[in-house]
Number of protein chains: 2
Amino acid sequence: MTDPRIERSREVILRAAVQELAAVGYGGVTIESIAARAGVAKSTIYRHWPDKLALIADAFETFHERMVPDLGELSVLESVAVLLRHVAEVVVDSTFSRCIPALIEGAERDPRVREFHHRYSAERREALIDLIARGIREGEISADVDPELATSTLLGAIFYRRLMTASAFDPGQAGQLVDLVLSSAPAR
Amino acid sequence: MTDPRIERSREVILRAAVQELAAVGYGGVTIESIAARAGVAKSTIYRHWPDKLALIADAFETFHERMVPDLGELSVLESVAVLLRHVAEVVVDSTFSRCIPALIEGAERDPRVREFHHRYSAERREALIDLIARGIREGEISADVDPELATSTLLGAIFYRRLMTASAFDPGQAGQLVDLVLSSAPAR
DNA sequence: GCGCAGCGATACGTCAACGTTTCGTTCTGA
DNA sequence: TCAGAACGAAACGTTGACGTATCGCTGCGC
């Protein structure tokens, strides 16, 4: 059998790494601070990961929250609202949310960070694009709506408020947001 | 008179600081790299600013682009489209744009950065909120539209694409975006 | 219970950036 | 022209983080 201490160490270190990322940002993370938070010797970390980025990437891969909730038998518009509300709740306050600025900045400078930042972002986006496309096929949403643009618009509202302003998006506004963007009969 | 060398040094250093910020990010900026880029001795920088953050803040204050273009006698919807197109152009590609991730990350960790990040963001937002409110008063936009929410939505679409995805918002889509969000007659 | 592998503690060398200081040079205003 | 201010160049001490290495100890599998 494989030594259970290995898995236990890995887990506590990965968790500590995500918390550190959320707390001090991508540029601020330190192997030593992660070790301290995890209650682990620095050497133990270097036994499992070659360097800092590998650890951070691994940690994020392990602990990022999949922002796509289970949608039951709801209508498309209701599903979109539920999904957006869920995204908003995560974005407004969660460990993951506090990692986002770190990821954005990291993605700007490091191709490896960029790769998984965009990958996880795309995962959320595609769920929504598919949903809206279905809504159009089923006649619930106007065919004038571009699913891709609408998705950027819906998610954008939530992330914009979190990243660029002092007041976060209120998850209770999710329905109102859906109405604004999707329940429309374009004038032109 | 005051020595002209002072102003000349300040200017070339501030410009170099913004360029460095755009190039390597908030966490990556180095006094020495700024000095090198500016063609100036490190001691000269410390003669004018007490520390790194003071310099960065000053530089950004000096060189950030005001993303609010002059709007002539256009209709409200046309004005919004022009404004969004301008924002998109700046966000897609500009020195300022490359500073945004750095600002977001900086704002997350440092209250002073947060203060001016939010301030400049609010400047853009308020111009748009006022415009939309005017559109509602003049009957060009449905009274069901919440100007604040619509603004976050419009700007959000642009920033979201820049910060979270691999493909930036196409400024040519500005009109389509306005149609989607504002040219609506809500179904409910 | 034995041997080994994983761990904690700790010390170490390296490096990069900080911010300071010094000193000779050059530019400026009076 | 001349005193003083600003600057460039360079050296310096300090700090903090990196990543490495050593060495007992302890818990694991067999």
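Letters A, B, ... are given to chains in the order of the sequence lines, protein chains preceding strands, and every chain is numbered from 1. Keep in mind it's a predicted model, so treat the numbers as computed, not measured.
In this structure, the side chain of B:Thr30 does not engage the main chain of B:Ser33 through any donor-acceptor pair within 3.5 Å. Looking at B:His117, its side chain never comes within 3.5 Å of a backbone N or O of B:Glu105 through a donor-acceptor pair.
The interatomic distance linking A:Tyr46 (OH) with C:dG13 (C1') rounds to 14 Å, in whole Å. Look at NE2 on A:His48: it is 9 Å from C1' on C:dC7, rounded to the nearest Å. For the pair A:Lys42 NZ and C:dA9 P, the interatomic distance rounds to 13 Å; values are reported in whole Å.
Rounding to the nearest 0.5 Å gives a distance of 6.0 Å between CG of B:Leu84 and CG of B:Leu155.
Residue B:Leu149 forms a side chain to side chain contact (heavy atoms under 4.5 Å, CB included) with just one option from A:Val181, A:Asp170, A:Leu180, A:Asp179, and that option is A:Leu180.
For the ring-ring contact (aromatic ring centres under 6.0 Å, His included) test, residues two or more places apart in sequence or in another chain that qualify with B:Phe60 are B:His64, B:Phe96, B:Phe116, B:Tyr120.
Listed by residue number, the members of residues 16-40 of chain A with any heavy atom below 4.0 angstrom from DNA chain C are A:Gly39, A:Val40. Proximity of residues 52-60 of chain B to DNA chain C (heavy atom under 4.0 angstrom from any strand atom) is restricted to B:Lys52.
Rounded to 10 degrees, the angle between the two end axes of the helix from C:dG1-D:dC30 to C:dA30-D:dT1 is 30°, with five pairs used at each end.
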Test side-chain contact (heavy atoms from CB on, under 4.5 Å) applied to A:Met164 and B:Arg125, step by step = CA-CA 10 Å; A:Met164 309 289 290; B:Arg125 224 168 63 251; over 6 Å; no

Full working for salt bridge (charged side-chain N to carboxylate O under 4.0 Å, His left out) between B:Glu123 and B:Arg119 | CA-CA 6 Å; B:Glu123 185 176 291; B:Arg119 182 149 44 87; over 6 Å; no

After noting the C-alpha distance and the side-chain angles of B:Ile132 and B:Leu154, does the key distance pass the side-chain contact (heavy atoms from CB on, under 4.5 Å) rule?
-> CA-CA 11 Å; B:Ile132 292 174; B:Leu154 292 167; 4.0 Å; yes

Under the side-chain contact (heavy atoms from CB on, under 4.5 Å) criterion, do A:Ile34 and A:Lys52 qualify, and how do the steps go?
-> CA-CA 10 Å; A:Ile34 294 175; A:Lys52 192 163 83 173; 5.7 Å; no

Going through the checks in order, is the side-chain contact (heavy atoms from CB on, under 4.5 Å) test met by B:Trp49 and B:Ile31?
-> CA-CA 11 Å; B:Trp49 293 273; B:Ile31 294 286; over 6 Å; no

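If you find the closest nucleotide of DNA chain C to B:Pro50 and to A:Ile6, the one lying nearer the 5' end belongs to A:Ile6. In terms of position on DNA chain C, the residue among B:Asp51 and B:Arg47 whose nearest nucleotide sits closer to the 5' end is B:Asp51.
Reading DNA chain D from its 5' end, the first and the last nucleotide to sit under 4.0 Å from a heavy atom of chain B are D:dA5 to D:dA9.
A:Ser9 comes within contact range of the sugar-phosphate backbone alone, with a heavy-atom separation under 4.0 Å but no base atom that close.
Heavy atoms only, all atoms of each residue included: A:Ala88 and A:Pro171 are closest at CB-CA, 3.9 Å. In terms of heavy atoms, A:Arg37 sits closest to A:Ala23 at NH2-CB, 3.8 Å. Across every non-hydrogen atom of A:Tyr26 and A:Gly106, the tightest pair is CD2-CA, 4.0 Å. For the residue pair B:His48 and B:Ser9, the shortest heavy atom distance occurs at NE2-CB, 4.2 Å.
A donor atom on one side chain and an acceptor atom on the other are found under 3.5 Å apart for B:Arg161 and A:Ser152.
A salt bridge links B:Glu108 with A:Arg162; the closest basic N to acidic carboxylate O contact falls under 4.0 Å.
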For nucleotides 28-30 of chain C, give me every protein contact, N/O to N/O, under 3.5 Å, one pair per line with atom names.
| from | atom 1 | to | atom 2 | distance (Å) |
| --- | --- | --- | --- | --- |
| C:dA30 | OP1 | B:Met1 | N | 3.2 |

